[in-house]
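Have a look at the structure below before the remarks.
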Protein chains: 2
Amino acid sequence: MKPATALPAQKNTRASDISDSQLRGLFGYNLKRSFSALQVDLLEVLSKFDLRMVPFSTLVMIVENPGLRQSQLADALAIERPNLVVVLDALERRELITRDRVPTDRRAYALRATLAGHQLFEKAYRAVQTHEARYLDRLTTAEREALSSALNKIRATFEETGE
Amino acid sequence: MKPATALPAQKNTRASDISDSQLRGLFGYNLKRSFSALQVDLLEVLSKFDLRMVPFSTLVMIVENPGLRQSQLADALAIERPNLVVVLDALERRELITRDRVPTDRRAYALRATLAGHQLFEKAYRAVQTHEARYLDRLTTAEREALSSALNKIRATFEETGE
DNA sequence: TATTGTTATACTCTATAACTATA
DNA sequence: TATAGTTATAGAGTATAACAATA
């Protein structure tokens, strides 16, 4: 490919006249664009519960693993411990979770969801499942399985050296 | 599911003792985790060319669409015009692209890649393809096609009302 | 010494309002 | 009046260093 010399500028063209086949040829780019589009809808769903993605994931993990410690949780969610602190502060302030000292290790906190936390989890999780159905309904069973398998392989490729 | 009352804290368990099946049951979460893992590797590849994801995508689009205008480019990349300005400033400062006034519309700039820009594009694009091969090699043809098709359907689901 | 949680901080990405110059 | 590009700014998300309390 040679450099442009004195070619005319693109006129007042519609977006459809712009080609992006080189970027579309990259799976990573498609992954990002698809997730970005999905994220807009997901954030709107979560906003009804005053939640964003990380606080939602955090609540789900605490409900599923009562007594979990902060560093275990940060590990499981692949977020840095300092960033988790502010998320937990907010959830605790809303009385959705509790932080109880662990008697056998007084450095650590055992995380648990309150009744309100469990109730919010139930409602929010169901709403997210409805959001997911919006696109999963359009996929065949084979596509869902292949998507799931492919995502797992991608993660395994890049996490195996990193963990 | 009822709230925790007086359960013991999780002991010094390994990460494998923590369950995340509820989050893993959400495709959106898997999409995010897989892309995050991929991104770490991709950013490392791009750093060899002093590029990040958006500047790379920007360069690819300008090479493929010489004479493109900034607002067309922002549209195609789905990024806000103000954010594109600083990206283009940096690429222009490095003499990878040029901004030429469009004679027929003196508000607009026609974007083109310089020789150095084309050369950097060629090297960076090949490096990204090598990065992509790291995980694509592990996918079957059926998986690649299903992944591609699934991603397109996800994007279509959430962009059709938004555009 | 090492680990848990914390504070402070900084960098990136993204989004919006408001301006200028042109149309 | 509307559009192209710009400036300034603010909100999220993410990453690291360094500290106090505890192991």
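All chains are named by letter (A, B, ...) in the order of the sequence lines, taking the proteins before the strands, and each is independently numbered beginning at 1.
- Across its full length, the helix from C:dT1-D:dA23 to C:dA23-D:dT1 shows an angle of 10° between the axes of its 5 terminal pairs at either end, rounded to 10 degrees.
- Between the side chains of B:E64 and A:S19, at least one donor-acceptor pair of N or O atoms lies under 3.5 Å.
- Here the side chain of B:N83 is nearest to one of C:dA23, C:dT6, C:dT14, namely C:dT14.
- Listed nucleotides C:dT14, C:dC13, C:dT6 differ in distance to B:R52; the shortest reach to its side chain belongs to C:dC13.
- Residue-level contact check: B:Q70 touches the backbone only, with heavy atoms under 4.0 Å from sugar-phosphate atoms and none from bases.
- In this structure, B:S71 reaches the D:dG5 phosphate: one of its side-chain N or O atoms is under 4.0 Å from OP1 or OP2.
- In this structure, B:Q72 atom CD and D:dA4 atom P are separated by 9 Å, rounded to whole Å.
- The CZ-C1' distance, from B:R81 to C:dT20, rounds to 16 Å in whole Å.
- In this structure, B:M53 places its CE atom 15 Å from C1' of D:dG13, rounding to the nearest Å.
- Here B:R99 lies in heavy-atom contact (under 4.0 Å) with sugar-phosphate atoms only.
- Between D:dA12, D:dT14, C:dT3, one nucleotide has an atom nearer to the side chain of A:R107 than all others, and that is C:dT3.
- In the set C:dA8, D:dT6, C:dG5, the nucleotide with an atom closest to the side chain of A:V85 is C:dG5.
- In terms of position along DNA chain C, the nucleotide closest to A:P82 lies nearer the 5' end than the nucleotide closest to the other residue of the pair A:P82 and A:V40.
- For the pair A:E143 and B:K153, the salt-bridge criterion is met [side-chain N within less than 4.0 Å of a carboxylate O].
- Residues A:D89 and A:R99 are paired through a salt bridge, judged by an N-O separation under 4.0 Å between the basic side chain and the carboxylate.
- As a whole-Å value, the separation of A:F35 CZ from C:dT14 P is 12 Å.
- Counted by atom type alone, B:N30 and B:R33 present zero donor-acceptor pairs between their side chains at under 3.5 Å.
- Atom CD of B:E80 and atom P of D:dG11 are 17 Å apart (whole Å).
- The separation between B:R69 atom CZ and D:dT3 atom C1' is 10 Å, rounded to whole Å.
- The CD1 atom of B:I97 sits 13 Å away from the C1' atom of D:dG5 (whole-angstrom rounding).
- Outside the 6.0 Å centre-distance limit, the rings of A:F27 and B:H131 are not counted as a close aromatic pair.
- Side chains of B:R101 and B:Y109: a donor on one and an acceptor on the other come within 3.5 Å.
- Where A:L43 and A:R101 meet DNA chain D, the nucleotide closest to each residue was compared, and A:L43 sits on the side nearer the 5' end.
- Residues A:V54 and B:D89 both approach DNA chain D. Their nearest nucleotides, taken by heavy-atom distance, put B:D89 toward the 5′ side.
- Contact annotation: A:K32 does not reach the phosphate of C:dC13 (side-chain N/O to OP1 or OP2, under 4.0 Å).
- The aromatic rings of A:F56 and A:Y125 sit parallel to each other, their planes meeting at less than 30°, with 60° as the upper class boundary.
- For B:L84 and D:dT6, the CG to P distance is 9 Å, given to the nearest whole Å.
- Expressed to the nearest 0.5 Å, how far NE2 of A:H118 lies from NZ of A:K123 amounts to 14.5 Å.
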